[in-house]
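Below is one structure; the comments refer to it alone.
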Number of protein chains: 2
Amino acid sequence: MATLSSTSERLLDAAERLFAAEGFAETSLRAITAEAEANLAAVNYHFGSKHGLIQAVLARHLQPMNAERLSRLDALDAEHPEGPSLRAVLEAFLVPAFAIGQGERGRPIFTLFARAHGSPDPALRRTFIAEFDDVAARFGPALQRALPAASMPDIFWCVHFVVGALYHTVSASGVLEAFSEGACRADDPATLDRLIDFAEAGVRSAARDGASS
Amino acid sequence: MATLSSTSERLLDAAERLFAAEGFAETSLRAITAEAEANLAAVNYHFGSKHGLIQAVLARHLQPMNAERLSRLDALDAEHPEGPSLRAVLEAFLVPAFAIGQGERGRPIFTLFARAHGSPDPALRRTFIAEFDDVAARFGPALQRALPAASMPDIFWCVHFVVGALYHTVSASGVLEAFSEGACRADDPATLDRLIDFAEAGVRSAARDGASS
DNA sequence: GTCTATACAGTGATAGAC
DNA sequence: GTCTATCACTGTATAGAC
């Protein structure tokens with residue numbers, strides 16, 4: 001039973017489940033502590049505030065995702081000393097994110113990322129994006145090397161577009177099912193390939209004119 | 001003074017300002033009614049609930065945006081009876097959205113769209129995306145005609161990616177300023193051109209292989 | 001129809017006992 | 001570490017004034 005794990009772990013599990021199902025604001029601490037069989041005050045004791053609990057839930061999934069991005073990029077660098085291809089770098093960036101989005105509790109968790117990224121709470125947003133510092137520092141130069149004709153701002157902007165497409169795909173593809181009248185299914189396994197194709201073509205377009213740096 | 005306009009208009013103005021600054025959940029009805037110099041119960045009288053007020057705030061900006069998208073597409077169809085180019089169709093779709101994002105109160109309002117799109121409240125999400133029915137019905141075939149080699153699901157998926165990039169760009173470009181250490185500025189006027197270039201290249205990539213329909 | 005005052009159940013947070 | 005009691009604040013509903 002749940003009571004075998006520690007209180008803070010049970011709180012994290014319960015919070016993740018409820019946040020993903022209902023959203024941050026809509027989930028009360030009382031609902032979380034009831035599901036975790038803990039006292040209301042335990043949240044503030046272990047995590048300081050509801051805000052702190054949200055950050056802890058996010059970090060528990062962000063860190064493995066970004067760690068795998070970095071280890072994939074390390075493997076690529078080892079394989080290709082002259083620098084990996086654009087497509088390979090984009091795959092190293094996108095595949096670990098998709099892997100989370102497709103897991104058993106996948107999509108809801110990724111929805112949490114999207115919500116945190118656009119959260120009105122500046123402190124939450126700041127803590128959240130700080131988790132991406134290492135990824136930005138490693139993937140920026142890798143893309144620059146794969147696409148020497150593009151300027152650094154070109155690359156940053158395109159990655160920004162790709163991130164937007166990724167977020168929207170993993171967190172809001174239900175919308176697409178409605179618009180396409182069922183022709184596009186959110187769990188279509190080909191979606192990742194479509195996104196990588198799209199990202200590669202889009203990013204490559206930054207190198208074509210490259211005027212605006 | 002504000003008291004010259006009707007109560008419901010003052011409520012909409014105040015709500016828009018506060019929602020954009022703080023978020024939906026973080027803005028209390030008491031703060032809105034105080035800023036609008038109205039009674040607390042006026043929100044429920046005029047809009048039924050806080051939820052109804054949110055929908056009304058969104059609709060006030062969504063309708064002109066989508067109306068301009070459609071009128072731009074009408075103009076294109078009149079100019080090019082054989083069917084407008086892919087780039088022209090994408091411009092008709094993206095430019096009106098950007099115009100809102102760059103207006104005086106622009107970015108905050110667009111942040112509201114992104115929040116609504118990913119809202120945990122299914123009723124809010126449903127009402128929100130219903131505002132796009134006409135746009136989807138008109139732009140889908142227009143893109144199909146501009147890109148005959150692509151299947152309809154190909155096109156829907158790519159538009160989905162483009163929408164994600166658009167949302168992230170207009171609502172979360174502050175993140176990019178941080179990662180690029182100031183090299184990319186959110187108010188760079190070239191951003192729209194970058195996004196259109198990116199979208200065109202990405203969407204065009206769907207027509208290359210076109211296997212997965 | 002429009003607006004006001006007020007009451008109510010549920011929220012996050014905290015101080016202090018154990 | 002845990003729990004109880006309590007705080008100020010939230011969205012909503014309603015009775016009644018104009």
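Letters A, B, ... mirror the listed sequences (proteins, then strands); counts begin at 1. Only a predicted model underlies this, so the values are computations on that prediction, with no experimental measurement involved.
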If you look only at distance, which donor and acceptor atoms sit under 3.5 Å apart when one is on a side chain in residues 128-136 of chain A and the other is two or more places apart or in another chain?
none

Review point. When the distance from CG of Leu53(A) to P of dT11(C) is rounded to whole Å, what number comes out?
Key: 15 Å
Review point. If the sugar-phosphate is the primed atoms plus P, OP1 and OP2 and the base is the rest, what is the B/S/- string for nucleotides 13-18 of chain C, using protein heavy atoms under 4.0 Å?
Key: BB----
Point to revise | Phosphate-side-chain proximity, Tyr45(B) and dT2(C), N/O vs OP1/OP2 below 4.0 Å | key: yes
Review point. Does a side-chain N or O from Asn39(B) land closer than 4.0 Å to OP1 or OP2 of dA5(C), or not?
Key: yes
Check your understanding: Between dT2(D) and Thr7(A), is there an OP1 or OP2 to side-chain N/O distance shorter than 4.0 Å?
Key -> yes
**Study point:** Centroid-centroid under 6.0 Å between Phe198(B) and Phe198(A) rings
**Key:** yes
Check your understanding: Can you check the Ile32(B) CD1 to dC9(D) P distance for me, whole Å?
Key -> 17 Å
Check your understanding: Can you name the side chain to side chain contact (heavy atoms under 4.5 Å, CB included) partners of Glu200(A), sequence neighbours left out?
Key -> Leu86(A), Arg87(A), Leu90(A), Arg204(A)
**Study point:** Pairs satisfying salt bridge (Lys or Arg N to Asp or Glu O under 4.0 Å), at least one member in residues 172-186 of chain B, at least two apart
**Key:** Arg185(B)-Asp187(B)
Point to revise | Sequence neighbours excluded, every pair satisfying ring-ring contact (aromatic ring centres under 6.0 Å, His included) that has a member inside residues 166-194 of chain A | key: Phe110(A)-Tyr167(A), His117(A)-Tyr167(A), Tyr167(A)-His168(B), His168(A)-His117(B), His168(A)-His160(B), His168(A)-Tyr167(B)
Check your understanding: How long is the line joining CD of Glu37(B) and C1' of dT4(C), in whole Å?
Key -> 16 Å
Check your understanding: What does Ser8(B) touch in the nucleic acid at a heavy-atom separation under 4.0 angstrom: a base, only the sugar-phosphate, or nothing?
Key -> nothing
Just list the side-chain donor-acceptor pairs under 3.5 Å for residues 67-74 of chain A, sequence neighbours left out, or say none.
unit_1, atom_1, unit_2, atom_2, d
Glu68(A), OE2, Arg72(A), NE, 2.7
Glu68(A), OE2, Arg72(A), NH2, 3.1
Arg69(A), NE, Phe93(A), O, 2.8
Arg69(A), NH1, Asn66(A), OD1, 3.0
Arg69(A), NH2, Phe93(A), O, 3.2
Ser71(A), OG, Glu68(A), O, 3.4
Asp74(A), OD1, Arg138(A), NH2, 2.3

